[in-house]
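Letters A, B, ... mirror the listed sequences (proteins, then strands); counts begin at 1.
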Protein chains: 2
Amino acid sequence: MTDQEQLTISIIGTGRVATHLAHHLYQQNQEIQNVFNRSLQKAQAFANQINAKGIDDLAQICDSDIVLICVSDSAITEIAQQLSQNQYQGLVAHTSGSTALQVLTDFGLNSGVFYPLQTFSFDQKIDWQNTPIFIEAKSVDSLGKLKVLAEIFSPKVYQYDSAQRLSLHLAAVFACNFSNYCYDIAQQILDEKKVDVDLLLPLIDATAEKLKYGRAIDNQTGPAVRKDQHILKMHQSMLESNTGWQKLYQLMSDGISFRARTNTKCHEQAGKPF
Amino acid sequence: MTDQEQLTISIIGTGRVATHLAHHLYQQNQEIQNVFNRSLQKAQAFANQINAKGIDDLAQICDSDIVLICVSDSAITEIAQQLSQNQYQGLVAHTSGSTALQVLTDFGLNSGVFYPLQTFSFDQKIDWQNTPIFIEAKSVDSLGKLKVLAEIFSPKVYQYDSAQRLSLHLAAVFACNFSNYCYDIAQQILDEKKVDVDLLLPLIDATAEKLKYGRAIDNQTGPAVRKDQHILKMHQSMLESNTGWQKLYQLMSDGISFRARTNTKCHEQAGKPF
């Protein structure tokens, strides 16, 4: 590899992550050699779109500079074993936020992680310029290659170790998956009383927006911060028909109260209606 | 009251809600007669800003067309009793999302609710044009007055009953207070590993943004939807030092799994990394 143009890549998998990575590389005139799927038909259909060769046997894989494993977390180990048995010589990187580099230990210095922090849907365009990419590798040489690859996608390239990447994934589960579940419960509560769910949108936006200017703990409002026992009890009784939501309400409120006790700014906000 | 110009208003309280309501009315050349606070000094300091008269005794209140009770939820009943003892004759409306109209029963047909769905801080300007205002009243005449008042603030005026308003408040606690607490936990997790908390901002924005185009249940992603036991267990062990967060993680994941079982679109999204 002498410059960016000559970096050759193969992709294992044909799912969402594989699709978005491959299409972006293809658009940037980056050569993709192989695409692997257990179904040759699927592999070839995918490969045809990006001028690559589809394969259904990892023994056939070219010695690309980098092979990107874009399969579900639980399948990474098996794919790595197959690649290793076939004595693949290039750099092997997985694309999982929640898998340690360690699973690619068979590849020694030629192992790495290439993790774009983004939610991928088939039907949504990715804003790569604003997608942070986390790289990690066992050697300086491997890290260099991953850096070149990452910069084809985004200016936001970070070198984080596995523990940091795993904590980022766990944090994203709280900040995104769990907050979305809170939205879901809110919408169910409103549906039951025939109240327009879109009424919450400006408040939800404002809550997310505030994170750009301060810490979440300093923005916390609501009855739990205010220790408004009257409201807390009323809400508990309104949730009587759903013990799961009741427990969640209690646990959330206890957590918020506990945090508020040790935070000054939080107290100052206590007068807000939410 | 023959037209909007002649609607006279008094305000009880000098907190965040009172401040924002009074200042907007003043800017709109709306006459405010009295401002009440138990401290005459505070009442007068507030009143001076809006060309009104400060009072510390509800016996002195003018017969305004509308008196707005802008005090903490727990103080509304007491204020209502005092107003009632002083035989106040105009329309009395409280501004609480979490208090039923019922608490103003002493005022019969002259009772109502004027509830702006918004978070109020002293230092933040309110975007009134996008603030929904919920009104409720015991009579058509009272409702008409509240509608005139509400339209001075916002084009988004809704007539909802107490049960609907209460459900909206409960829903907002889930959608805003609890999602903010999820952000707070996420930030604490990242702090511990020295990972930049701002990395989550685009994901948080995307999660909130998606609500504009679909229901939260249809947008749900993450290990609980995918039933990824490996990740779920790993996250539980990463949270070992905090049993509160562990319980929350479990309860959230159980809830999400349960919802996912009954939702088709949710399954389709299961391959997403979050």
Side-chain angles (χ1 to χ4, degrees), chain A residues 15-16 73-74 97-98 117 119-120 130 132 163-164 167-168 170-187 189-190 193 195 199-208 211 215-217 219-222 230-231 235 238 244 247-248 251-252 255-256 271-274, chain B residues 15-16 73-74 97-98 117 119-120 130 132 163-164 167-168 170-187 189-190 193 195 199-208 211 215-217 219-222 230-231 235 238 244 247-248 251-252 255-256 271-274:
Chain A
R16 288 173 176 84
D73 294 350
S74 54
S98 47
L117 183 68
T119 66
F120 293 95
N130 289 308
Q164 288 177 310
S167 78
L168 197 63
L170 175 60
V173 167
F174 274 93
C176 302
N177 300 158
F178 291 173
S179 63
N180 188 71
Y181 183 55
C182 291
Y183 303 156
D184 175 34
I185 293 175
Q187 291 185 337
I189 289 169
L190 295 182
K193 297 284 182 207
V195 174
L199 286 168
L200 289 179
L201 292 180
L203 287 176
I204 288 171
D205 273 349
T207 307
L211 288 182
R215 303 279 303 197
I217 173 70
N219 301 335
Q220 190 68 59
T221 57
H230 169 72
I231 301 287
H235 283 170
M238 286 169 75
K247 274 187 209 163
L248 199 55
L251 208 51
M252 286 280 192
I256 292 170
K272 288 190 187 179
F274 292 112
Chain B
R16 288 173 174 85
D73 295 351
S74 54
S98 46
L117 183 67
T119 65
F120 294 95
N130 289 307
Q164 289 177 309
S167 78
L168 196 63
L170 176 61
V173 167
F174 275 94
C176 302
N177 301 159
F178 291 173
S179 64
N180 188 69
Y181 183 55
C182 293
Y183 303 156
D184 175 34
I185 294 175
Q187 292 185 337
I189 289 169
L190 295 182
K193 298 282 182 211
V195 174
L199 286 168
L200 289 179
L201 292 180
L203 288 175
I204 288 171
D205 273 349
T207 307
L211 288 182
R215 303 281 300 196
I217 173 70
N219 301 335
Q220 190 69 58
T221 57
H230 169 71
I231 301 287
H235 284 171
M238 286 169 75
K247 273 187 209 163
L248 199 56
L251 209 50
M252 285 279 192
I256 293 170
K272 287 191 190 180
F274 294 113

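- Most heavy-atom pairs under 4.5 Å with chain B, from the set L251(A), L170(A), I189(A): that is L170(A).
- Heavy atoms only, all atoms of each residue included: Y181(B) and G255(A) are closest at OH-CA, 3.2 Å.
- For the atom pair T207(A) OG1 and I204(B) CD1, the distance stands at 11.0 Å (nearest 0.5 Å).
- Nearest heavy atom pair, residue A171(B) against residue A186(A), reads O-CB, 3.3 Å.
- In this structure, chain A has heavy atoms under 4.5 Å from both the backbone and the side chain of A208(B).
- Note: N180(A) CG to I256(B) CD1 = 7.5 Å, rounded to the nearest 0.5 Å.
- Separation of atoms CG (L199(A)) and CG (L168(B)) is listed at 6.0 Å; rounding is to 0.5 Å.
- Of the atoms belonging to S98(B), heavy atoms from both backbone and side chain fall under 4.5 Å from chain A.
- The CG atom of L203(A) sits 4.5 Å away from the CG atom of L117(B) when rounded to the nearest 0.5 Å.
- Taking each heavy atom of C182(A) and S179(B) in turn, the nearest pair found is SG-N, 4.2 Å.
- Every pair passing salt bridge (charged side-chain N to carboxylate O under 4.0 Å, His left out) that includes a residue from residues 177-186 of chain A is listed here, sequence neighbours excluded: D184(A)-R259(B).
- Partners of F178(B) according to the ring-ring contact (aromatic ring centres under 6.0 Å, His included) rule, which considers only residues two or more places apart in sequence or in another chain, are Y249(A), F174(B).
- Rounded to the nearest 0.5 angstrom, L200(B) CG and C176(A) SG are separated by 6.5 Å.
- P202(B) is not listed as a side-chain neighbour of N130(A), based on a closest heavy-atom distance of 4.5 Å or more.
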Query - Derivation of the side chain to side chain contact (heavy atoms under 4.5 Å, CB included) call for L248(B) and L248(A) - result: CA-CA 7 Å; L248(B) 199 56; L248(A) 199 55; 3.7 Å; yes

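- One finds the CD1 atom of I185(B) at 6.5 Å from the CE atom of M252(A) (value rounded to the nearest 0.5 Å).
- Pairing each heavy atom of L190(B) with each of S167(A), the nearest pair is CD2-O, 3.8 Å.
- Ranked by heavy-atom pairs shorter than 4.5 Å toward chain B, the options H230(A), Q164(A), H235(A), M238(A) are led by H235(A).
- Looking at Q187(A), its side chain never comes within 3.5 Å of a backbone N or O of R215(B) through a donor-acceptor pair.
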